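Just so it is clear, the structure is predicted and the values come from calculations on it, not from any experiment. Only heavy atoms go into these numbers, but all of them, side chains included; no hydrogens, no water, no symmetry mates.
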Amino acid sequence: MTGSGLPMTVPAPGLPARVRIHEVGARDGLQNEKTVVPTEVKAQFVRRLAEAGLSTIEATSFVHPKWVPQLADAEQLFPMLGEIADVGDVALPVLVPNERGLDRALALGARRIAVFGSATETFAARNLNRTVDESLAMFEPVVARAKADKVHVRGYLSMCFGDPWEGAVPVAQVVRVAKALMGLGCDELSLGDTIGVATPGHVRELLSELNEEGVHTDTIGVHFHDTYGQALSNTLVALQHGVTTVDASAGGLGGCPYAKSATGNLATEDLVWMLDGLGVDTGVDLGALTATSVWMAEQLGRPSPSRTVRALSHKE
């Protein structure tokens, strides 16, 4: 349907002129897939995402291989992506869990890193084997060393809207941890709806409370999962609030919808379709991106969960 004039562009008031998509398919997407993708295929995936116009592509994670075997090839993959960073203005952030991960990333020339925290104690214990405050203490030297080396730091905060063990997460609790994470020196904060339970009013309230507590909107990104079909509506509310950074995963990779209890990331194509229709610039070629996601779905041996990918690639 690309090239047919659809979606028709009808701007809406109160939206930013441009949105930066923080593409997470190659890291957050693939680490949640059951299939372990060959390193060269991952490299080609990142190259194709860059060619489609995505300017921030999270490349991999420097975690211990036994934790995330899908990304055990970070040392092999990252050097293969050098030509992407050298051409144009494409950022390739990587996730680091601790100082050891930072050492590995810096040794390969990474200039943008991310740390991954939790707003809830149960998820912190299960995912980081620490309390929330202990995890913040672990991140402190990581962020300090990165900033001393002029490396850009993103702070991920998971379970911002609900936790599978604790249920609803009080807004004040999320704000406390968010402020602490930013207080370490992070350049930006990504608010994660890890299990996809957020609704628009909840998003608006959390953003407003963060602003009141000194966390500025221009440092905030949003990371929604589409478990209950709310990712786009939540994103729209965030954009109306002034947020201009949105995390998304090409083809909706991550949390395969065909797997039990899976929660999929917001598909980048679904986001771009909406933003194209609203006249919000992303710099992304939807046709090229869709072709990339169709190709990656073939590598994984299953169809893409993205509705836009399915609609644009459907053939009678």
Side-chain angles (χ1 to χ4, degrees), residues 1-10 12 15-16 18-33 37 41-42 44-59 90 190 193 196 221-236 238-239 243-258 262-315:
M1 197 172 287
T2 50
S4 65
L6 296 173
M8 185 170 77
T9 301
V10 183
L15 295 177
R18 182 176 176 86
V19 162
R20 178 175 67 89
I21 297 175
H22 188 102
E23 172 59 49
V24 300
R27 196 278 302 171
D28 187 32
L30 293 183
Q31 80 172 26
N32 286 305
E33 293 287 336
V37 176
V41 173
K42 291 178 184 173
Q44 188 174 347
F45 184 39
V46 175
R47 292 186 198 109
R48 290 182 64 147
L49 291 170
E51 289 166 2
L54 288 153
S55 60
T56 305
I57 306 167
E58 201 158 279
V90 178
S190 175
D193 183 19
V222 289
H223 185 113
F224 295 118
H225 285 224
D226 207 32
T227 316
Y228 295 89
Q230 304 294 297
L232 281 176
S233 57
N234 291 333
T235 298
L236 185 58
L239 298 181
V243 171
T244 59
T245 298
V246 180
D247 297 4
S249 177
L253 289 178
C256 172
Y258 307 102
T263 61
N265 285 300
L266 168 62
T268 310
E269 293 82 0
D270 296 358
L271 174 63
V272 172
W273 179 273
M274 180 181 80
L275 295 177
D276 280 357
L278 287 166
V280 176
D281 181 30
T282 62
V284 175
D285 180 327
L286 183 55
L289 179 60
T290 297
T292 296
S293 290
V294 169
W295 169 80
M296 179 50 80
E298 291 169 353
Q299 310 305 309
L300 295 169
R302 65 165 181 81
S304 167
S306 165
R307 289 175 175 150
T308 300
V309 170
R310 294 202 304 261
L312 293 179
S313 62
H314 180 70
K315 294 180 177 63

Test of understanding: with side chain to side chain donor-acceptor pair (under 3.5 Å), list the residues that count as partners of [X], not counting sequence neighbours.
X	answer
Thr244	none
Asp276	none
Arg48	Thr292
Thr308	Asp270

- Query: Taking only residues two or more places apart in sequence or in another chain, which ones pass side-chain contact (heavy atoms from CB on, under 4.5 Å) with Ala238?
  - Reply: Val203, Leu207, Val222, Val243
- With sequence neighbours excluded, tell me which residues meet side-chain contact (heavy atoms from CB on, under 4.5 Å) with Thr9. Pro11
- Task: Kindly indicate whether the side chain of Leu54, heavy atoms from C-beta on, has any atom under 4.5 Å from the side chain of Leu289.
- Result: yes
What closest approach, in Å, do [X] and [Y] show between heavy atoms, and which atom pair accounts for it?
X	Y	value
His223	Ser190	CB-OG, 3.5 Å
Gly254	Glu33	N-OE2, 3.0 Å
Gly251	Ser293	N-OG, 3.1 Å
Thr227	Gly196	OG1-CA, 3.6 Å
Gly277	Pro7	N-CG, 3.8 Å
Ala297	Pro303	CB-C, 4.2 Å

Nearest 0.5 Å please: distance from the [atom1] atom of [X] over to the [atom2] atom of [Y].
X	Y	atom1	atom2	value
Thr235	Asp226	OG1	CG	9.0 Å
Trp295	Ser313	CH2	OG	15.5 Å
Met274	Leu239	CE	CG	5.5 Å
Leu271	Ile21	CG	CD1	4.5 Å
Asn234	Leu266	CG	CG	9.5 Å
Arg307	Trp273	CZ	CH2	14.0 Å

- Task: May I have all residue pairs that pass salt bridge (Lys or Arg N to Asp or Glu O under 4.0 Å) and include part of residues 283-299, sequence neighbours excluded?
- Result: none
- Got a sec, which pairs hit salt bridge (Lys or Arg N to Asp or Glu O under 4.0 Å) with one end in residues 288-297, sequence neighbours left out? none
Checking [X] side chain against [Y] main chain: does a donor-acceptor pair fall under 3.5 Å?
X	Y	result
Glu23	Thr56	no
Thr268	Ala250	yes
Gln230	Tyr228	yes

With sequence neighbours excluded, what pairs up with [X] under the salt bridge (Lys or Arg N to Asp or Glu O under 4.0 Å) test?
X	value
Arg18	Asp281
Glu58	Arg27
Asp247	Arg154

- Item | Val41 and Met296: CA distance, side-chain angles, deciding distance, side-chain contact (heavy atoms from CB on, under 4.5 Å) verdict | CA-CA 9 Å; Val41 173; Met296 179 50 80; 4.1 Å; yes
- Step by step, work out the side-chain contact (heavy atoms from CB on, under 4.5 Å) result for Asp193 and His225. CA-CA 6 Å; Asp193 183 19; His225 285 224; 5.5 Å; no
